[in-house]
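Structure first, then comments.
Heavy-atom basis, side chains included; hydrogens, waters and symmetry copies ignored.
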Amino acid sequence: MRRRRIIFAVAAMAILLSATVSVAFVELHRNKGSASGSITTQWLNQELINWKPSSNGSLLFGATALRSSYGIPSYNTMQVQAADINMLLSSNVSAIRIDIGYAPWLSNNTAGIGEITSAVNLVKSSGKALIIADASSESYRSGGQLNWADFKQQWILRVRTLASLYHPYAYIVVKEPGWYYPMISDVLTNPLVLSPYDWSNLTVSLISAVKSVSPQTLVGVSVAAYDLYNSSYYQGKVSFNVQYLQLVEKIPSLDFIGFDIYDTQGFNGTMKFLTQIGNGGKAVWIAEAWSGDGQYVYNSSRAMLDREWMQVLYYFALRINASVVLPFYTDLFSSYTWDTNSSDIISNYNLRQPVFYEFQSLATQYGLPA
């Protein structure tokens, strides 16, 4: 499973965008993990000391069901998805996140809708909490882009539909603003696409749509933590993500803000934002996290590093008073090597890696129920 992240070439952006727009656009499409901020064993050893709390605390541990998320390829059969979810359940998680792709609803694919519903029911029947994160639609990434006005309208309809069907414990209605940009046809010409104020207004509508059909659902947003401060492009100006979080923190109906952390600069950016600006009275989530992205994922030489990273992530969550932590690349709980044969995938989910046992230990000792 690869991370669904589409990155536009910087050179192309320089040609297509004005100076102001290219600054924001390029920054928001940067990889979440950078070479300069890569997580190393040396860095982890230091932060184990720096962030070790005087006493351990409790929070909600969740994990991501990758096989049921985004566009589901044919080899991710229902049996594969069940094997994935059952592996996560064996880690003593309190919640399972599914990034539900909306393409089956747009194409009236009843089989696809039924498959997602079965995955959701498996999570809920286990007694664990369901977290939905918006995954937009695969069709928008495959030539079906919409203009910003239509994209917003479809987004509101999407979250209302899924919330009314599945009534999740929590819903991340905005998952990294920059992640959506390649799905928007007028991103290069419409300044509203890059306006944190327009995004804040959209967020109000998304929250209202969810709570109108599922009033008990917690609703939040997340941002790529790297993009908060680590940008030469902004040249001292306040980044889009900082402006956006400052605005949405003022929305009374927003329940939590999330940070997606994949490198040392993501840790630093999260800490800086919460120290300098604060959480606005909202709960703080580590909504996505791993020890790296891109070339740093699915590398078996990092197995022991990932185990230590999990402990450091827990310490950091306590340090920032996070209430939820959600690792993303949870296939690595089982194996660093995967193919596209369904039988092989199911067999792999019987395996366990060091990071699984570290996560399981933390979730068992310090995990809170949803």
Side-chain angles (χ1 to χ4, degrees), residues 1 39 41 44-45 47-48 51-53 55-69 80-99 119 122-131 133 169-170 258 260-262 267 285-292 296-320 322-338 345-370:
M1 179 69 68
I39 293 173
T41 299
L44 290 171
N45 289 343
E47 300 310 340
L48 274 179
W51 293 342
K52 183 177 176 61
S55 61
N56 290 336
S58 298
L59 47 82
L60 189 152
F61 287 87
T64 308
L66 293 174
R67 300 290 173 174
S68 303
S69 296
V80 166
Q81 295 178 52
D84 180 13
I85 291 170
N86 286 327
M87 179 275 292
L88 297 178
L89 292 174
S90 74
S91 72
N92 291 332
V93 292
S94 295
I96 292 179
R97 164 178 162 165
I98 303 178
D99 295 18
L122 180 56
V123 172
K124 299 185 86 169
S125 66
S126 73
K128 306 301 182 181
L130 171 70
I131 297 172
Y169 164 75
D260 298 351
I261 303 173
Y262 289 86
F267 281 101
W285 285 31
I286 299 177
E288 289 184 23
W290 202 259
S291 68
Y296 299 104
V297 186
Y298 299 100
N299 182 344
S300 60
S301 69
R302 293 172 67 87
M304 296 310 297
L305 181 150
D306 285 341
R307 184 207 63 77
E308 187 175 2
W309 162 83
M310 189 65 246
Q311 185 179 13
V312 170
L313 184 68
Y314 166 66
Y315 283 174
F316 182 76
L318 296 181
R319 190 175 184 87
I320 63 172
S323 57
V324 176
V325 61
L326 287 165
F328 186 81
Y329 287 117
T330 47
D331 270 1
L332 301 182
F333 280 1
S334 289
S335 178
Y336 287 82
T337 304
W338 298 89
I345 296 170
I346 292 170
S347 179
N348 259 13
Y349 279 122
N350 293 316
L351 305 175
R352 298 292 182 267
Q353 296 295 322
V355 65
F356 171 90
Y357 292 113
E358 183 65 29
F359 179 88
Q360 183 186 55
S361 176
L362 292 169
T364 301
Q365 294 181 75
Y366 308 115
L368 292 175

Can you tell me how far the [atom1] atom of [X] sits from the [atom2] atom of [Y], to the nearest 0.5 Å?
X      : Y      : atom1 : atom2 : result
Glu308 : Ser291 : CD    : OG    : 11.0 Å
Leu44  : Leu313 : CG    : CG    : 10.0 Å
Tyr315 : Asn56  : OH    : CG    : 5.5 Å
Asp306 : Gln353 : CG    : CD    : 9.0 Å
Leu332 : Ser300 : CG    : OG    : 10.5 Å
Ile345 : Ser347 : CD1   : OG    : 10.5 Å

With a 4.5 Å cut-off on side-chain heavy atoms, are [Y] and [X] touching?
X      : Y      : answer
Tyr262 : Tyr329 : yes
Ser91  : Phe61  : no
Leu351 : Phe356 : no
Phe316 : Glu47  : no

Establish, from distance only, whether the side-chain atoms of Gln360 and Thr364 form a donor-acceptor pair under 3.5 Å. no
Between [X] (side chain only) and [Y] (backbone N and O only), is there a donor and an acceptor less than 3.5 Å apart?
X      : Y      : result
Thr41  : Leu305 : no
Lys128 : Val93  : yes
Ser69  : Ala65  : yes
Arg67  : Ala83  : no
Thr330 : Thr64  : yes

Could you check whether the rings of Trp285 and Tyr169 sit parallel, tilted or perpendicular, using 30° and 60° as the cut-offs? parallel
In terms of the angle between their ring planes, are Phe267 and Trp51 parallel, tilted or perpendicular, with boundaries placed at 30° and 60°? tilted
Check salt bridge (Lys or Arg N to Asp or Glu O under 4.0 Å) between Glu358 and all other residues, then give those that pass, not counting sequence neighbours. Arg307
Start with the C-alpha distance between Tyr298 and Asp331, add both sets of side-chain angles, then the distance that settles side chain to side chain contact (heavy atoms under 4.5 Å, CB included), and finish with yes or no. CA-CA 9 Å; Tyr298 299 100; Asp331 270 1; 3.8 Å; yes
Taking ring-ring contact (aromatic ring centres under 6.0 Å, His included) as the test, write out the residues that go with Tyr366, two or more places apart. Tyr314
Between Leu59 and the options Leu318, Ile286, Leu362, the side-chain contact (heavy atoms from CB on, under 4.5 Å) test singles out Leu318
Given Val123, which partner from the list Ile96, Ile131, Leu89 fulfils the side-chain contact (heavy atoms from CB on, under 4.5 Å) test? Ile96
Atom of [X], atom of [Y] and distance for their closest heavy-atom approach:
X      : Y      : result
Trp309 : Pro327 : CH2-CB, 4.4 Å
Gly258 : Ala287 : CA-CB, 4.1 Å
Asn299 : Ser301 : OD1-OG, 2.6 Å
Leu88  : Ala63  : CD2-CB, 3.8 Å
Pro354 : Ala303 : CB-O, 4.2 Å

Hits for side-chain contact (heavy atoms from CB on, under 4.5 Å) against Ser334, two or more places apart or cross-chain, chain-then-number order -> Met87, Trp338, Tyr349, Arg352
Any chance the rings of Trp290 and Phe328 have centres within less than 6.0 Å? no
